[in-house]
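Written out below as structure tokens is the structure these notes cover.
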Amino acid sequence: MENPKVSSKLMCAKQMPELKHRVGDGEFDITKSEVCKWLMSQPDIIDYIFDKIRGNKYREPLIVYDPERGTYRGAEFKI
């Protein structure tokens with residue numbers, strides 16, 4: 001049964017193979033997480049994150065697009 005509150009873009013996570021989140025000894029390093037690396041290799045998940053950060057009519061954007069430059073920047077960054 002699919003949760004209607006979960007974006008279909010995240011459903012690819014259900015296909016994730018068995019992976020480690022904590023890799024090696026010592027302090028936890030999220031950049032070494034096999035789980036996070038796999039998730040960030042999924043185009044639908046990257047697209048979902050981008051959509052959330054870009055904002056919409058219900059949420060304030062965290063990044064804004066400058067059509068003259070063809071670039072994005074942090075919403076608080078002043079040029």
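Owing to the predicted nature of the structure, the values given are computational and were not obtained by experimental measurement.
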Side-chain donor-acceptor distances from residues 42-54 under 3.5 Å, at least two apart:
residue, atom, partner, partner atom, Å
Gln42, NE2, Trp38, O, 3.3
Asp47, OD2, Lys9, NZ, 2.6
Asp51, OD1, Arg54, NH2, 2.8
Asp51, OD2, Lys9, NZ, 2.6

Please step through side-chain contact (heavy atoms from CB on, under 4.5 Å) for the pair Arg22 and Asp29, ending with a clear verdict. CA-CA 7 Å; Arg22 181 186 263 304; Asp29 183 348; over 6 Å; no
Rounded distance [0.5 Å steps], NZ in Lys32 versus NE2 in His21: 14.0 Å
Between CZ of Arg73 and CD1 of Ile63, what distance do you get to the nearest 0.5 Å? 10.5 Å
Looking only at non-hydrogen atoms, find the nearest pair between Gly74 and Val64 and report the distance. O-CG2, 4.4 Å
Rounded to the nearest 0.5 Å, how far does CG of Leu19 lie from NZ of Lys37? 11.0 Å
Nearest heavy-atom pair of Ser33 and Val23: which atoms, and what distance? CA-CG2, 4.4 Å
Lys20 versus Val35: any side-chain heavy-atom pair under 4.5 Å? no
Heavy-atom closest pair, residues Pro61 and Ala75: O-CB, 3.5 Å
